[in-house]
Amino acid sequence: MEDLDPTFIQAPEHRSNSNSIPNQPEEIPVIDLSRLNDPEDIQNVISEIGDACETWGFFQVINHGVPCEARKRVEETVKIFFDLPMDEKIKVKRDDVNPAGYHDGEHTKNVRDWKEVFDIYFKDPMVMPFSTDPEDDGLRVVYNKWPQFPSDFREACQEYAGHAEKLAFRLLELISLSLGLPKERFHDYFKEQMSFFRINRYPPCPRPDLALGVGHHKDADVISLLAQDEVGGLQISRRSDGVWFPIRPVPDALVINIGNCMEVWTNDKYWSAEHRVVVNSTRERYSIPFFLLPSHDVEVKPLEELVSPENPPRYKGYKYGKFYVSRNRSDFKKLEIQNIQIDDFKVVT
């Protein structure tokens, strides 16, 4: 990644200096989950989460129950892996058949991202559709790939992912309550969950004015939980006017954002915000997202409880696994056409 290959260059309207306020960060809510221990404060926390999901699509949580020691162990272990020679890293390289493992050529909306990643499925093995063809009911089984070195890579990652998944379901219940629904309303969608855990490494970039660590996108999942280091670089697009602003790193906090599934389930009440990652020329950056995904056979569509004649469904239903496979293959390499987006399922009125 020493030279800036043209495949990394963003269109002018998508570069880091476009439509942004980098020196005037908005403050998305930082919510202290220890307040849930106070019966008199629980409803306030639920309301604050709901307001954040509707206004920003993002919030941060502290005192969230994911041990700092588990996160630190992952950070230290994966740095050792990413510092290995490339011929060692590609021994566990992912491909267009098995999307688990190491990759350094990911694309977002057909522009290459300035990063390296390592993807790990929460369920191992994990089942997903064989193809994007709606008429093809075939399934395939994928397995995680684990490097031989460092020797504790697998253990460290699985330990952290277990804590992250537990928090994800806790947040899912709070989000459900914020919608006036039973806290277990979404649980049946995750019997064969496709959730995965990722480590991102963003090396210093010689032209941060031209490239992005991750291009502008919305997450295709239900909710995402992100641990980011002190370097910073995550930016989100404001719902009210589309202006980009940075998310300030808060020590030991996790950044939570709403994905496409929740946006559709709530019929656009809750917002899946576009976001991106800017890079810099001097410091590498690490982040660790956990993506909560439903089962492959779940049909994602607006919930019956949240639609009415006055608020009709704004989306057609879609099979989550087929959507995921289509998005995943377009992430792997540049395609000649734009990859599938959630807006493709919007009901035309």
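All values below come from the heavy atoms of this structure, side chains included, with hydrogens, waters and symmetry mates left out. It should be emphasised that the depicted structure is a prediction, and the values quoted were computed from it without experimental measurement.
Between H216 and H14, the ring-plane angle classifies as parallel under the 30° and 60° cut-offs. In this pair, F345 and F323 present their aromatic rings perpendicular. The plane angle is above 60°, beyond the 30 to 60° band.
Of the residues R239, K218, K269, R314, the one that meets the salt bridge (charged side-chain N to carboxylate O under 4.0 Å, His left out) test with E263 is K218. L226 pairs in a side-chain contact (heavy atoms from CB on, under 4.5 Å) with only one of the listed residues (I256, D219, I288, V255), which is V255.
For the ring pair (Phe, Tyr, Trp, His ring centres under 6.0 Å) test, residues two or more places apart in sequence or in another chain that qualify with F291 are F196. Under the ring pair (Phe, Tyr, Trp, His ring centres under 6.0 Å) criterion, F186 pairs with W265, sequence neighbours left out. With sequence neighbours left out, F190 forms a ring pair (Phe, Tyr, Trp, His ring centres under 6.0 Å) with F169.
A salt bridge does not link K79 to E284: none of the charged nitrogens lies less than 4.0 Å from a carboxylate oxygen. Residues D268 and K346 are paired through a salt bridge, judged by an N-O separation under 4.0 Å between the basic side chain and the carboxylate. Between E106 and R94, at least one side-chain N (NZ, or NE/NH1/NH2) sits under 4.0 Å from a carboxylate O, which counts as a salt bridge. Taking 4.0 Å as the cut-off between side-chain N and carboxylate O, K109 and E274 count as a salt-bridged pair.
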Which donor-acceptor pairs under 3.5 Å do the side chains of residues 141-153 make with protein atoms, sequence neighbours left out?
| residue | atom | partner | partner atom | Å |
| --- | --- | --- | --- | --- |
| N144 | OD1 | Y121 | N | 2.7 |
| N144 | ND2 | Y121 | O | 2.9 |
| K145 | NZ | K93 | O | 2.6 |

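Residues H217 and H275 place their aromatic rings such that the two centres sit under 6.0 Å apart.
Under a 3.5 Å cut-off, the side chain of H107 and the backbone N or O of G105 do form a donor-acceptor pair. A distance-only check finds a donor-acceptor pair linking the side chain of N267 to the backbone of P312 [under 3.5 Å]. Although no hydrogens or angles enter the test, the distance criterion places no donor-acceptor pair under 3.5 Å between the side chain of K301 and the main chain of Y318. S178 contributes no side-chain N or O that, together with a main-chain N or O of I46, makes up a donor-acceptor pair within less than 3.5 Å. Judged by distance alone, the side chain of R238 and the main-chain N or O of W244 form no donor-acceptor pair under 3.5 Å. Under the 3.5 Å distance criterion, the side-chain polar atoms of S237 are matched with a main-chain donor or acceptor of G242.
Inspection of the R276 and Q235 side chains reveals an N or O donor paired with an N or O acceptor under 3.5 Å. Under the 3.5 Å distance criterion, with hydrogens and angles disregarded, a donor-acceptor pair is assigned to the side chains of E173 and H187.
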>> For R15 and D209: C-alpha separation, side-chain torsions, deciding distance, then whether side chain to side chain contact (heavy atoms under 4.5 Å, CB included) applies.
In response: CA-CA 7 Å; R15 294 174 189 171; D209 57 320; over 6 Å; no

>> Show, in sequence, the C-alpha distance, side-chain angles and deciding distance for I199 and I120, and conclude whether the side chain to side chain contact (heavy atoms under 4.5 Å, CB included) test is met.
In response: CA-CA 9 Å; I199 303 105; I120 302 157; 4.1 Å; yes

> Under the side chain to side chain contact (heavy atoms under 4.5 Å, CB included) criterion, do R327 and Q341 qualify, and how do the steps go?
Replying inline: CA-CA 8 Å; R327 282 284 292 263; Q341 302 294 325; 3.9 Å; yes

> When you look at R285 and V277, which way does the side chain to side chain contact (heavy atoms under 4.5 Å, CB included) test go after all the steps?
Replying inline: CA-CA 10 Å; R285 174 180 181 262; V277 174; 3.6 Å; yes

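Shortest non-hydrogen contact noted between K322 and D136 is NZ-O, 2.7 Å.
Residue I62 is found in a hydrophobic cluster whose other members, listed by chain and number, are V30, V250; membership requires side-chain heavy atoms under 4.5 Å apart, directly or through intermediates.
Pairs passing the salt bridge (charged side-chain N to carboxylate O under 4.0 Å, His left out) check and including a residue from residues 156-172, sequence neighbours excluded, read R73-E159.
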